[in-house]
Colleague: 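If you scroll down you'll find the structure; I have some questions about it.
A note on names: the letters A, B, ... follow the listed sequences, proteins ahead of strands, and every chain is numbered from 1.
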Amino acid sequence: MLQIALWKRVAILAAVLFGLALAMPNAFYTRVEGHNDAVQAIEATGATTPELIAKRDAWPGWLPSGLVNLGLDLRGGAHLLAEVQVDDVYAERMDGLWPDVRDALREQRAEIGTIRRRDAPVGELHVQVSRPENMAAAVAAVRELARPTVTLTGVGASDIEVRGEGDMLIVQLSEAEQQATRDRTIQQSLEIVRRRVDEVGTREPTIQRQGADRILIQVPGIGSAEELKALIGTTARLTFHPVVSRTANPDEAPGTGNVIYPDIEDNGTYYILEKRAVVSGEDLTDAQPGFDQNGLPSVTFRFNPAGARKFGQYTSENVGEPFAIVLDEEVISAPVIREAILGGSGQITGNFTVEDSTQLAVLLRAGALPAELVFLEERTIGPELGADSIAAGQIASIVAFVAVLVFMGASYGLFGLFANIALLVNVGLIFGLLSAIGATLTLPGIAGIVLTIGMAVDANVLVFERIREELKSARGPARAIELGYEKALSAILDANITTFITATILFMLGSGPVRGFAVTLGLGILTSVFTAIFVTRLMIVIWMERRRPKTIAL
Amino acid sequence: MRLKLVPSETNWDFFRATRISFGASLMAMVASVLLFATLGLNFGIDFRGGTTIRTESAQPVDVGIYRDALAALDLGDVTITEVFDPGFGPDKNVAQVRIQAQDGQESVTPETIAAVEAALQQVAPDITFPSVESVGPKVSGELIRTAVLAVALAIFAVLVYIWLRFEWQFSLGAVAALVHDVTLTIGIFAALQIKFDLAIIAALLTIVGYSLNDTVVVFDRVRENLRRYKKMALKEVLNLSINETLSRTVMTSVTTLLALIALFVLGGDVIRGFVFAMIWGVVVGTYSSVFVASNILLMLGVKRDWSKQDDGGAGTQFADVDA
């Protein structure tokens, strides 16, 4: 006989109610969103304006308040995929190592003769030695410079590898050190990008590492990807250099230890500066936009004690000399030092607009990126387009829903009605699960739900068709229903497992909207199997118990 | 009165016209490959890099004027297509401008976009740009590789799963049907030159899942009937199984198509290509699970002595799934 134990009935009912409760907040999207934002604002700032309280109380706190996140294609916003130029950091490390290598080798001059640095691939340092027969000594001397790598796994590994090839001494970062450097660089970049995005205060940005050296940034509600790029794409390395001279010729040889940087205004002025910076942005503790004594926009900054000491010492020794304020290899300004600046704070004036100075202050506060970002992919979706897509998706879903409901009712009568109730539960459960795991709903995701509406009835159809067949064998209705479920099960499972496999592969390999589709499709399979096997069956069993029909029409 | 799409008792011979159906499938596949080779696919920026800008204005779109406005910018290959949708009012005219990837740039520069927008504003002052998307050649190359990998991996995973659950002959039959469906879908995209982007790959994989769903239901019944009618010829068993499951096959296809057609008509132009692929896939997938998969199974033959291995089971270690 058809029987379902009481505890199973309760469990099925509880699961359905729980899922629907989780889905419910989505029906009151704006109100719940306002409530969540208000709760967050009150927690973060402690501010309790009547407005915030009113918003918070618009949705009772004891009700679930998880919402389905809307993807960028539905909400509008900007998406950027950036690649961190880790090679630059490797190159920088090699440049930084060169003076030490040079000094170490010079001490051995008697043995290895003269040395000369040669061009090398990124991440390597090539030094030509005039007496290659004593290469072993040179290698040993440079190996002295190696330090242990700081990682969790590479215990005992040293940071550089040194070897001799012919008359060439080759220094390169060890595998472990490269890995550690890459991870550190990406982590720092992530952190700084996050700080910069947070500074402008938008809602729920997604900032995550993707693959070995990429960062994915999604910011809902921002006007354009260009705006976002201007904010996070700038390296923002601020340095202060002594000025050697000023020139109009960009090709002039700066001389050893010096560099030539253009003026930020593109006005044909170039500065020859000492390469070694006196102080850099790393020593800044604060930067704020403001106005100078002439009322022009400027940025005031403050150094930490170490920076203040270096800056104070340098300025007091070089009164009357010019020094340059450099941002990302461009000279913002090169004022003359009028007096020693000992307090550790100063002011940058340039040809700024108020926006420029505000943005520069943000960038300086958040810190410099450890390496340049190159943007591989960028997408801007306007909020109106997203709203249009949501509206179209909603209408299409409702129409699809009604069509399937009518069709199922016409085909299977009362049993079709059971299947339809299960279908409603099914869509509710999908939304409940999406909210519970904080998944993101995208436009293809809506398509996934609509497709699930169509396919979800499949499991029920399989069972109903099977019951019809069993009824032909002239068994009683209860037996037919039981056999129908029993025999259709393997087909239901096989069919849904194979579809689930493809959804899983889509999820693993897809990105963005496609991933959203995979999530709704996969969840839809789980919920539709659950509703078909448990929910519809429960309804049928309860109906059979109440009515005890002698025959059933299917 | 019940709505019945298929009579409750059918006894149609699905193998009578094997030559015709099989020949038609083969010819369609060859045609698809030829179309793909000659016309090629209309790849979106996801796969070949470049920029698309969606424009919207109150005045009607004049593609010629837009093209002339952009010609001066010297951006290489620029395609402008007008977008139609029943949901747009008379004062909503939408076009899609596609610009090829610019030499030596990973993603498009702000200057290029600003120049394009300014040029279009010259000819259509009220124009707005609801979306701007740009993909660099580095990423688009990877996306192609991932997409091909995804489809291949999905087909392979399915091959293995069906092999474990059934027998290798079933597995080959199912995969033949999948290859048939994917090839025909690519064929129609080449023939109609519909934009082929990442979303279409998602659609392809869904088609793989759907077509398989259908095939597996038929195969499941074949397996059951093989055990029940030990003496019946394989062809008869296949025919019987297809007939028994026909009603379900048609029901499910119709409900799925109902949902998809609603989405196709009302879901907006952004996902229309995606939904089209799925509608096509459902039609082709339903056809292939009846005609292609079973035919392959008939050609390969099936091992019939399952019942000797273990009683009641289906013959493999995974077959005894029960809830």
Colleague: Apply side-chain contact (heavy atoms from CB on, under 4.5 Å) to B:Arg165 and A:Thr498, showing your working.
Modeller: CA-CA 11 Å; B:Arg165 286 283 285 160; A:Thr498 43; over 6 Å; no
Colleague: Pick whichever of B:Met278, B:Glu56, B:Arg54, B:Arg248 has the most heavy-atom pairs under 4.5 Å with chain A.
Modeller: B:Arg248
Colleague: Ignoring hydrogens, what is the shortest heavy-atom contact between A:Glu469 and B:Glu244? Give both atom names and the distance.
Modeller: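 For A:Glu469 versus B:Glu244, the nearest heavy atoms are OE2-O, 3.4 Å.
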Colleague: Got a second to check how far B:Ser131's OG is from A:Glu384's CD, nearest 0.5 Å?
Modeller: 10.5 Å
Colleague: For A:Ala392 and B:Gly268, work out which heavy atoms get closest and say how close.
Modeller: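 Taking A:Ala392 first and B:Gly268 second, the nearest heavy atoms are CB-N, 3.9 Å.
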Colleague: At a heavy-atom distance under 4.5 Å, which candidate from B:Tyr161, B:Phe129, B:Phe264 has the highest pair count against chain A?
Modeller: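 Top count of heavy-atom pairs under 4.5 Å with chain A: B:Tyr161.
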Colleague: Which residue, A:Val461, A:Leu462, A:Asn460, A:Asp458, forms the side-chain contact (heavy atoms from CB on, under 4.5 Å) with B:Met251?
Modeller: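 Exactly one option meets the side-chain contact (heavy atoms from CB on, under 4.5 Å) with B:Met251, and it is A:Val461.
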Colleague: Name the option with the most non-hydrogen atom pairs under 4.5 Å to chain A; the candidates are B:Asp214, B:Asp85, B:Thr146.
Modeller: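 The candidate making the most pairs under 4.5 Å is B:Thr146.
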Colleague: Sort A:Tyr412 into side chain, backbone, both or neither according to what part of it lies under 4.5 angstrom from a heavy atom of chain B.
Modeller: both
Colleague: Only pairs of heavy atoms separated by less than 4.5 Å count here; which of B:Ile45, B:Val158, B:Val254, B:Val208 has the most with chain A?
Modeller: B:Val254
Colleague: Rounded to the nearest 0.5 Å, what separates atom CD1 in B:Ile162 from atom CG in A:Asp494?
Modeller: 7.5 Å
Colleague: Going from CD1 on B:Ile271 to CG on A:Leu443, what distance comes out if it is rounded to the nearest 0.5 angstrom?
Modeller: 4.5 Å
Colleague: Tell me, for A:Leu81 versus chain B, whether the close heavy atoms (under 4.5 Å) come from the side chain, the backbone, both or neither.
Modeller: side chain
Colleague: Considering only heavy atoms, which portion of A:Ile505 lies under 4.5 Å from any heavy atom of chain B: side chain, backbone, both, or neither?
Modeller: side chain
Colleague: Which heavy atom of A:Val404 sits nearest to which heavy atom of B:Thr255, and what is that distance?
Modeller: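 For A:Val404 versus B:Thr255, the nearest heavy atoms are CG2-O, 3.8 Å.
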Colleague: Using heavy-atom distances under 4.5 Å, tell me whether B:Asn213 contacts chain A through its side chain, its backbone, both, or neither.
Modeller: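 Both parts, heavy atoms under 4.5 Å.
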Colleague: For the pair B:Glu224 and A:Ser490, evaluate side-chain contact (heavy atoms from CB on, under 4.5 Å) and give the outcome as yes or no after the intermediate values.
Modeller: CA-CA 10 Å; B:Glu224 187 184 324; A:Ser490 81; over 6 Å; no
Colleague: To the nearest 0.5 angstrom, please state how far the CD atom of A:Glu377 sits from the CD atom of B:Glu133.
Modeller: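 Answer for the CD-CD pair, A:Glu377 versus B:Glu133, is 8.5 Å.
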Colleague: Please determine, among B:Thr215, B:Leu198, B:Thr206, the option with the most heavy-atom pairs under 4.5 Å with chain A.
Modeller: B:Thr206
Colleague: Report, as yes or no, whether the 6.0 Å neighbourhood of atom NZ on A:Lys8 holds more than 12 heavy atoms from other residues, nucleotides or ligands.
Modeller: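 Result for NZ/A:Lys8: open.
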Colleague: Are any of the side-chain nitrogens in B:Glu142 or A:Arg214 under 4.0 Å away from the carboxylate oxygens of its partner?
Modeller: yes
Colleague: Heavy atoms only: give me the nearest B:Ala154-A:Thr502 pair and the separation to one decimal.
Modeller: CB-CG2, 4.1 Å
Colleague: Nearest 0.5 Å, what's the CD1-CG distance between A:Ile501 and B:Leu205?
Modeller: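 The CD1 atom of A:Ile501 sits 12.5 Å away from the CG atom of B:Leu205.
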Colleague: Relative to chain A, which segment of B:Ile53 carries a heavy atom at a distance below 4.5 Å: side chain, backbone, both, or neither?
Modeller: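 No part of B:Ile53 comes within 4.5 Å of chain A.
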Colleague: Which atom pair, heavy atoms only, marks the closest approach of B:Gly209 to A:Thr499?
Modeller: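 Nearest heavy atoms, B:Gly209 then A:Thr499: O-OG1, 3.5 Å.
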Colleague: Are A:Arg379 and B:Val135 side-chain neighbours, meaning at least one heavy-atom pair lies under 4.5 Å?
Modeller: yes
Colleague: Of the listed residues (B:Leu212, B:Val217, B:Thr128), which shares the most heavy-atom pairs with chain A below a 4.5 Å separation?
Modeller: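 Most heavy-atom pairs under 4.5 Å with chain A: B:Leu212.
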Colleague: Does the side-chain contact (heavy atoms from CB on, under 4.5 Å) test come out yes or no for A:Glu465 and B:Thr245, once each step is laid out?
Modeller: CA-CA 8 Å; A:Glu465 291 293 332; B:Thr245 51; over 6 Å; no
Colleague: Testing the basics here: between A:Ala495 and B:Val216, what is the closest heavy-atom pair and its distance to 0.1 Å?
Modeller: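 Shortest heavy-atom contact: N-CG1, 3.7 Å.
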Colleague: Chain A heavy atoms under 4.5 Å from B:Thr249: which part of the residue, side chain, backbone, both or neither?
Modeller: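 Neither part, no heavy atoms under 4.5 Å.
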Colleague: Does any heavy atom of chain B fall under 4.5 Å from the side chain of A:Gln394, the backbone, both, or neither of them?
Modeller: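 The answer is neither part of A:Gln394.
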